[in-house]
Amino acid sequence: MVLASGLPAVVIRPSHVYGPGGWYAEELVPRLRQPGRLAVIGAGKNLWDVVHVEDVAAAILLAAEEEAASGRVYHVVDDEPITYYDFMALTASELGVGRPRRIPAPLARIVAGRNAVDAVVRSARSSNARIRGELGWEPRFPTAREGVPDAVARLVAASAAS
């Protein structure tokens with residue numbers, strides 16, 4: 001709608017954003033800390049694009065400061081995808097809790113329905129090549145293996161301060 005409005009605009013499309021605030025801090029981390037913990041549906045081998053919240057903020061600022069060409073769409077994701085299970089397990093490890101359990105997809109479909117399960121087990125891939133090439137964006141945390149420890153440390157520090 002924004003691009004169709006005729007107003008000069010640039011679209012920043014971050015993938016699954018992790019870090020302080022949002023779904024990561026408010027939903028995922030508490031679920032991983034609960035008894036019984038979060039369960040990954042299926043094998044969890046589906047690829048996920050993720051991005052640290054600081055890298056999203058940097059991309060937005062860069063697009064504004066560099067006066068990116070109107071109408072451009074930029075995907076903001078880490079340099080490397082990570083499997084869904086590995087992302088959850090990495091976060092759990094940083095939290096010092098056990099790895100997530102797995103629930104077979106056919107069983108989950110009975111409980112949650114085919115559409116809900118299919119949405120969780122599919123791979124979602126996009127590329128940051130355009131924003132890197134056109135605007136020179138460089139993520140501070142190029143992979144989740146670098147960003148998740150920072151995100152969890154910030155959440156723990158914020159929790160201790162409050």
Side-chain angles (χ1 to χ4, degrees), residues 2 9-68 72-103 112 116-117 119-162:
V2 172
V10 173
V11 175
I12 300 294
R13 286 188 181 154
S15 194
H16 298 94
V17 181
Y18 65 90
W23 74 274
Y24 187 80
E26 296 167 13
E27 293 179 37
L28 178 64
V29 168
R31 285 185 185 191
L32 283 169
R33 286 181 167 157
Q34 289 175 341
R37 291 183 305 284
L38 173 108
V40 170
I41 296 173
K45 293 182 180 179
N46 50 310
L47 294 176
W48 244 33
D49 285 328
V50 297
V51 62
H52 194 288
V53 66
E54 282 192 13
D55 289 329
V56 175
I60 292 168
L61 288 173
L62 184 63
E65 290 170 356
E66 295 296 319
E67 297 182 19
R72 298 304 277 169
V73 176
Y74 297 103
H75 292 275
V76 179
V77 299
D78 282 0
D79 289 345
E80 297 175 13
I82 187 169
T83 68
Y84 180 72
Y85 185 84
D86 287 346
F87 183 78
M88 299 306 164
L90 175 61
T91 300
S93 175
E94 290 298 319
L95 289 167
V97 300
R99 296 172 71 83
R101 300 170 294 121
R102 288 186 169 108
I103 295 176
V117 172
V120 173
V121 300
R122 72 175 177 81
S123 288
R125 295 284 300 118
S126 49
S127 169
N128 64 23
R130 177 179 284 171
I131 194 165
R132 279 179 160 280
E134 292 182 10
L135 300 182
W137 178 75
E138 292 286 333
R140 178 173 173 212
F141 304 100
T143 69
R145 286 176 185 23
E146 295 162 292
V148 167
D150 174 82
V152 170
R154 288 173 187 237
L155 290 171
V156 169
S159 175
S162 58

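Residue numbers run from 1 in the order of the sequence given.
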If every non-hydrogen atom of [X] is compared with every non-hydrogen atom of [Y], which pair is closest and at what distance?
X    : Y    : answer
V10  : A63  : CG1-CB, 4.3 Å
V77  : N128 : O-ND2, 2.9 Å
D79  : P139 : OD1-CG, 3.8 Å
V156 : R33  : CG2-NH2, 4.0 Å
S127 : H75  : O-CB, 3.3 Å
A9   : V2   : CB-CG1, 3.4 Å

Could you tell me the separation between the [atom1] atom of [X] and the [atom2] atom of [Y], rounded to the nearest 0.5 Å?
X    : Y    : atom1 : atom2 : value
L135 : L62  : CG    : CG    : 5.0 Å
D49  : I82  : CG    : CD1   : 11.0 Å
W48  : T83  : CH2   : OG1   : 10.5 Å
L28  : L155 : CG    : CG    : 10.0 Å
I12  : W137 : CD1   : CH2   : 9.5 Å
R140 : H52  : CZ    : NE2   : 7.0 Å

4.5 Å side-chain heavy-atom contact, [X] and [Y]:
X    : Y   : result
V56  : Y18 : no
E26  : P30 : no
V51  : H16 : no
R154 : E54 : yes

Task: Lys/Arg-Asp/Glu bridge criterion (N-O < 4.0 Å) met for D86, K45 - done: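 Answer for the salt bridge query: no.
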Task: Check ion pair R145-E94 (N to O, under 4.0 angstrom) - done: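 No, no charged N to carboxylate O under 4.0 Å.
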Open item on the list: Check this for me: R125, atom CZ, are more than 12 non-hydrogen atoms of other residues, nucleotides or ligands nearer than 6.0 Å?
Closed with: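 Correct, the count exceeds 12.
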Task: Donor-acceptor side-chain pairing of T91 and Y24 below 3.5 angstrom - done: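 A donor-acceptor contact under 3.5 Å links the two side chains.
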Side-chain donor/acceptor of [X] to backbone N/O of [Y], under 3.5 Å:
X   : Y    : value
Y85 : P100 : yes
R72 : V11  : no
N46 : Y84  : no

- [ ] Measure up the F87 and W23 rings against each other and bin them: parallel (under 30°), tilted (30 to 60°), perpendicular (over 60°).
- [x]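 F87 and W23: tilted rings.
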TODO: Quick one: do V40 and I103 satisfy side chain to side chain contact (heavy atoms under 4.5 Å, CB included)? Show the steps, please.
DONE: CA-CA 6 Å; V40 170; I103 295 176; over 6 Å; no
- [ ] Using the six-membered ring of Y74, assess whether NZ or CZ of R13 lies under 6.0 Å from its centre and within 45 degrees of the ring axis.
- [x]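 Checked: cation-pi criterion not met.
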